[in-house]
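For ligands, and for the atoms within them, numbers begin at 1 and follow the listed sequence. Keep in mind that the numbers below use all heavy atoms, side chains included, and drop hydrogens, waters and symmetry copies.
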Amino acid sequence: MTETVQKLWPELEWIKDKSLREKTAKTWEIALERSVLNATDLENIPFSLLCGTDVKVSFMAHKRCVVHIARASGEKMNEFFGNDLPVNMDVLISGAILADVGKLLEYELDKDGKSVQGKYGQYLRHPFSGVSLAEECGVPSEVCHIIATHAQEGDLVKRTTEAYIVHHADFMTFLPFKSRLIV
Ligand SMILES: [Fe+2]
């Protein structure tokens, strides 16, 4: 695992299976190699372009928060539901870390050097490009399923428990930035 990826994602250490941890890290590594963005950009650019210009929360702050919420949710579900609804924590954490990895390929730099959505990202949104990167690194299908279904595309298929958790962790931390009741 490169130092850059290790620094970007301290949460990788939560994945107990060494092989899955390395495949998850490798996927981020090749995404960074192929992206116009670097690790420092990810700590600075806003996490979404869909919430207006006031949102300053960074890409990494949002992605890491989703992983933390997903992990806490999985632990609580295992604690309260046990074998009635088992959550595979390694699959959950790997999937949460990888959900938005494809976004690194969605960006292009415009003529002013600003990152904007490029043609590739328009044709292949990040759930698709994310699966492509992850499969290249040998990430198993149960994790790729989480990447594939974490956004609205996933509403069209049946999600695993782990994919439901990541989907909701992602949207519960996105929708209130986009639109919320303020009284
Ligand atoms: Fe996403």
May I ask you to decide whether Glu153 forms a salt bridge with Arg125, counting only side-chain N to carboxylate O separations under 4.0 Å?
-> yes
Report yes or no: does Ser94 contribute a side-chain atom to a donor-acceptor pair with the main-chain N or O of Asp90 at less than 3.5 Å?
-> no
Going by the angle between their ring planes, with limits at 30° and 60°, are Phe171 and Phe174 parallel, tilted or perpendicular?
-> perpendicular
Please report how many protein N/O/S atoms lie under 2.8 Å from the Fe ion (ligand 1).
-> 3
CG-CG distance between Leu37 and Leu104, expressed to the nearest 0.5 angstrom | 5.5 Å
Is any side-chain N of the basic residue among Glu136 and Arg34 closer than 4.0 Å to the acidic one's carboxylate O?
-> yes
Report yes if the distance between the aromatic ring centroids of Phe177 and Phe47 is under 6.0 Å, otherwise no.
-> yes
